[in-house]
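Residue indices begin at 1 and follow the sequence shown.
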Amino acid sequence: MTQPHSLPDEYGVLLAFVSASNSSIVITDATATDAPIVFVNPSFERMTGYALRDVLGRNCRFLQNEDRDQPARDVIVKAVAEQASCECLLRNYRKSGEMFWNKLYLFPLRLAGAEVTHFVGVQHDVTREQSLFAELEHTAGERARLIERLERKRRDMARLSRDLINAQESERKALARELHDELGQRLTALNLLLYRTRPHVHAGEALALWEQAEREMTSLVGLVRDLSVSLRPPGLDFFGLEPTVRQLLVRQLDGGPDWIFEYAGLPPRLAPILEISVYRIVQESLTNIVRHAGARHVVVEINSGADSRELELIVRDDGRGFDAASWREHAARSSRAGLAGMSERIQLLGGSFDVDSAPGRGTRITATLPLQFVENKHERDSGG
């Protein structure tokens with residue numbers, strides 16, 4: 001066993017223990033000037049590369065070389081001054097000059113309640129752990145930066161998606177205005193001219209032709225009006241989502257299935273992009289029901305969702321239904337392509353879309369959308 005220097009006999013049992021310990025242990029004399037080292041165990045010699053003869057009589061600070069600007073030094077000085085225990089992490093250097101991280105546990109020794117005579121330092125080489133911590137911190141930092149980049153891209157994608165929808169709705173609005181203001185007025189003028197010819201048309205084949213022309217003209221005026229409303233419902237800009245959807249149900253299901261409409265937990269006006277998107281989903285759903293479902297009953301529900309932070313739209317019918325297990329693939333090659341368009345619109349706005357249907361069991365479409373949208377100037381100006 002390595003022999004200590006000026007260590008009292010009373011510490012014999014302690015010395016036997018620390019000499020056999022796998023932990024690096026150093027003992028300093030608290031009563032001597034500059035607290036010199038009086039003992040190190042073999043584990044200290046293996047960890048630092050310094051033998052007992054190299055360190056006896058020296059202060060432990062030599063292990064720091066010239067690397068003295070370490071906050072842990074203040075912790076040690078304070079503990080020694082107060083004759084107390086402490087724990088700290090130091091950068092130490094082996095005899096070879098290699099730096100290692102030293103986890104130091106320092107505590108005082110007293111003889112039978114007397115003054116502190118020695119300090120014991122238990123040292124652990126935690127270089128590998130610190131290296132792993134540094135790698136983890138670097139990885140966490142990279143992950144945080146990646147998440148932030150992805151979040152920025154998500155926000156950019158959401159903004160671009162809204163811009164795309166707004167651009168589409170602006171085009172629809174412009175086309176609806178052209179149909180109403182240009183083609184609609186011209187047809188109205190033609191209709192007036194047609195009625196001015198009525199006094200000059202008498203019975204027989206001429207009257208039959210005039211009546212046929214009048215019916216065609218009336219039908220064409222109605223068609224243009226319906227196209228204009230379908231492209232951009234004027235009520236949405238002035239009255240909001242609830243009355244406009246109700247009017248849509250009246251118009252599209254006239255003479256068709258019975259229907260129920262519920263609107264609950266939402267303010268009278270929502271973000272324009274939200275209103276037009278919900279309107280489009282209902283519009284497309286009703287079109288599919290009328291064309292394909294053969295339903296007797298239709299229910300449309302628009303509510304604030306479970307946590308009042310989203311809009312939930314449900315459209316269900318008791319029609320013939322279809323196999324919804326592979327509706328996306330089916331929609332791509334059938335007349336149900338409208339489902340894919342609805343799903344795409346909802347996803348562009350950060351929502352979710354689900355279709356539940358089976359042959360003979362009707363169809364249930366559920367869409368959820370976040371209630372809060374950050375509108376830019378284009379969205380406000382376009383009304384969409």
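Taking the charged nitrogens against the carboxylate oxygens, Lys103 and Glu87 do have a contact shorter than 4.0 Å, which makes a salt bridge. Ion pairing between Glu284 and Arg280 fails under the 4.0 Å rule for side-chain N and carboxylate O. Salt bridge status for Asp69 with Arg91: absent, with no side-chain N to carboxylate O gap under 4.0 Å. Contact check on Arg296 versus Asp258 returns no salt bridge, with no Lys/Arg side-chain nitrogen under 4.0 Å from an Asp/Glu carboxylate oxygen.
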Any chance you could lay out the side chain to side chain donor-acceptor pair (under 3.5 Å) test for Gln283 and Thr287, step after step, and finish with the verdict?
CA-CA 6 Å; Gln283 183 183 41; Thr287 299; over 6 Å; no
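Between the side chain of Ser131 and the backbone N or O of Thr127 there is no donor-acceptor pair closer than 3.5 Å.
In the hydrophobic clustering, Tyr93 connects to Leu89, Met99, Trp101, Val126, either directly or through intervening members, whenever side-chain heavy atoms lie under 4.5 Å apart.
Under the salt bridge (Lys or Arg N to Asp or Glu O under 4.0 Å) criterion, the residue pairs touching residues 119-147 are Arg94-Asp125, Glu142-Arg145, with sequence neighbours excluded.
Screening Thr366, Ile302, Ile365 for a side chain to side chain contact (heavy atoms under 4.5 Å, CB included) involving Leu313 leaves a single residue, Ile302. The one candidate from Leu236, Ile346, Leu311 that meets the side chain to side chain contact (heavy atoms under 4.5 Å, CB included) condition with Val278 is Leu311.
For CD of Glu151, the number of neighbouring non-hydrogen atoms (other residues, nucleotides, ligands) closer than 6.0 Å is greater than 12.
You'll find the side chain of Val38 reaches within 4.5 Å of the side chain of His118, heavy atoms only.
Hydrophobic clustering, with ILVMFWY side chains joined whenever heavy atoms are under 4.5 angstrom apart, keeps Val299 apart from Leu253.
Counting all heavy atoms, side chain and backbone alike, Ala295 lies closest to Ile289 at CB-CG2, 4.1 Å.
In this structure, Arg58 satisfies the cation-pi test against Phe62, with its NZ or CZ atom closer than 6.0 Å to the six-membered ring centre and inside 45 degrees of the ring normal.
Under the ring pair (Phe, Tyr, Trp, His ring centres under 6.0 Å) criterion, Phe107 pairs with no residue, sequence neighbours left out.
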